[in-house]
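For reference, the structure is listed below as structure tokens.
Bear in mind that the values here come from a model prediction, so they are computed numbers and not experimental data.
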Amino acid sequence: QVQLVESGGGLVHAGGTLRLSCAASGSILSINVMGWYRQAPGKQRELVARISSDGSTAYADSVKGRFSISRDNAKNTVYLQMNSLKPEDTSVYYCNADLERIGLFGFYDYWGQGTQVTVSS
């Protein structure tokens, strides 16, 4: 069994900050890419940021310069620091991990349950 548990969402005024955390636990052998996605009502889920096991990162154009992704490999945890938040950042944010389980060959995608981020104007 593998679980991804997110925390840190909430309500914030425009210009504010939030920090999301996602901890992966269970029968994990190794984790390749970890990332954050978001989905607003009526819209498709989109990539926000991702980070590889070697620390290389990628961001959606809409969050570049405002959001920062990092990870603690020893804790199987990924973070998303969100600064200068805008109302259009309002979404449910989902954690994603591409990982290999003990006893199961190959890497597969796992998702967290999502955490709501609401930015008021």
Side-chain angles (χ1 to χ4, degrees):
Q1 301 281 3
V2 171
Q3 279 191 315
L4 273 63
V5 179
E6 300 124 334
S7 60
L11 172 65
V12 65
H13 290 299
T17 65
L18 282 174
R19 188 184 192 222
L20 305 183
S21 300
C22 171
S25 63
S27 56
I28 298 169
L29 184 59
S30 65
I31 303 178
N32 185 12
V33 179
M34 300 187 81
W36 290 95
Y37 290 72
R38 66 187 181 187
Q39 187 168 21
K43 294 189 176 181
Q44 287 190 327
R45 190 172 296 189
E46 63 175 1
L47 174 69
V48 177
R50 56 180 172 84
I51 182 168
S52 298
S53 55
D54 63 359
S56 58
T57 60
Y59 295 91
D61 287 343
S62 59
V63 306
K64 282 180 181 176
R66 300 188 297 122
F67 290 11
S68 178
I69 190 170
S70 60
R71 66 191 278 177
D72 184 333
N73 290 330
K75 296 181 179 180
N76 289 339
T77 299
V78 63
Y79 306 96
L80 185 67
Q81 179 67 41
M82 304 187 292
N83 301 328
S84 302
L85 281 160
K86 304 176 180 180
E88 51 263 44
D89 294 318
T90 296
S91 276
V92 177
Y93 284 70
Y94 296 91
C95 174
N96 171 268
D98 178 41
L99 61 86
E100 187 173 26
R101 287 177 55 182
I102 297 171
L104 186 64
F105 179 76
F107 284 81
Y108 297 90
D109 269 346
Y110 290 83
W111 294 89
Q113 79 285 356
T115 185
Q116 177 70 44
V117 171
T118 302
V119 184
S120 63
S121 56

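Under the 4.5 Å side-chain contact rule for hydrophobic residues, Val78 and Ile28 share a cluster. In the hydrophobic clustering of this structure, Val63 groups with Leu85; members are Ile, Leu, Val, Met, Phe, Trp, Tyr whose side-chain heavy atoms approach within less than 4.5 Å, directly or through other members. Hydrophobic clustering of Ile, Leu, Val, Met, Phe, Trp and Tyr side chains at less than 4.5 Å, counting indirect connections, keeps Val117 apart from Tyr94. Leu47 and Val92 end up in the same hydrophobic cluster when Ile, Leu, Val, Met, Phe, Trp and Tyr side chains are linked at under 4.5 Å. In terms of hydrophobic clustering, with Ile, Leu, Val, Met, Phe, Trp and Tyr side chains grouped at heavy-atom distances under 4.5 Å, Tyr93 and Tyr59 are assigned to a common cluster.
Within the structure, disulfide bond (SG atoms under 2.5 Å apart) pairs that include any residue of residues 74-108 comprise Cys22-Cys95 (at least two apart or interchain). For residues 31-45, every residue pair satisfying the salt bridge (charged side-chain N to carboxylate O under 4.0 Å, His left out) rule, not counting sequence neighbours, is listed here: Arg38-Glu46, Arg38-Asp89. Annotation: disulfide bond (SG atoms under 2.5 Å apart) contacts involving residues 39-91, sequence neighbours excluded, are absent.
Although no hydrogens or angles enter the test, the distance criterion places a donor-acceptor pair under 3.5 Å between the side chain of Thr90 and the main chain of Val119. In this structure, the side chain of Arg71 engages the main chain of Ile51 through a donor-acceptor pair within 3.5 Å.
The nearest pair of heavy atoms linking Ala14 to Pro87 is CB-CD, 4.1 Å. Nearest approach of Asp54 to Ser56, heavy atoms of both residues: OD1-OG, 2.9 Å. Here the closest heavy-atom approach between residue Ala49 and residue Leu80 is recorded as CB-CD1, 4.2 Å. Considering all non-hydrogen atoms of both residues, Asn73 and Ser53 come closest at ND2-O, 3.6 Å. Between Ser120 and His13, the shortest heavy-atom contact is OG-ND1, 2.9 Å.
Here Gln44 contributes atom CD and Gln39 contributes atom CD; the two are 8.5 Å apart, rounded to the nearest 0.5 Å. A distance of 13.0 Å separates CZ of Arg101 from OG of Ser30, quoted to the nearest 0.5 Å. With values rounded to the nearest 0.5 angstrom, Tyr79 atom OH is found 10.5 Å from Trp36 atom CH2. Atom CG in Asp98 sits 5.0 Å away from atom CG in Asn32 (nearest 0.5 Å).
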- [ ] Step by step, work out the side chain to side chain contact (heavy atoms under 4.5 Å, CB included) result for Leu18 and Phe67.
- [x] CA-CA 10 Å; Leu18 282 174; Phe67 290 11; over 6 Å; no
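Take Ala97 and apply the side chain to side chain contact (heavy atoms under 4.5 Å, CB included) test, not counting sequence neighbours, and it matches Leu4, Ile31, Met34, Leu99. Residues satisfying the side chain to side chain contact (heavy atoms under 4.5 Å, CB included) criterion with Glu88, sequence neighbours excluded, are Lys86.
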Pair up each side-chain donor or acceptor in residues 104-113 with any protein partner under 3.5 Å, not counting sequence neighbours, and list the distances.
from	atom 1	to	atom 2	distance (Å)
Tyr108	OH	Phe105	O	3.4
Gln113	NE2	Glu6	OE1	3.3

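For Gln3, the CD atom counts as loosely surrounded, since its 6.0 Å shell holds 12 or fewer non-hydrogen atoms of other residues, nucleotides or ligands.
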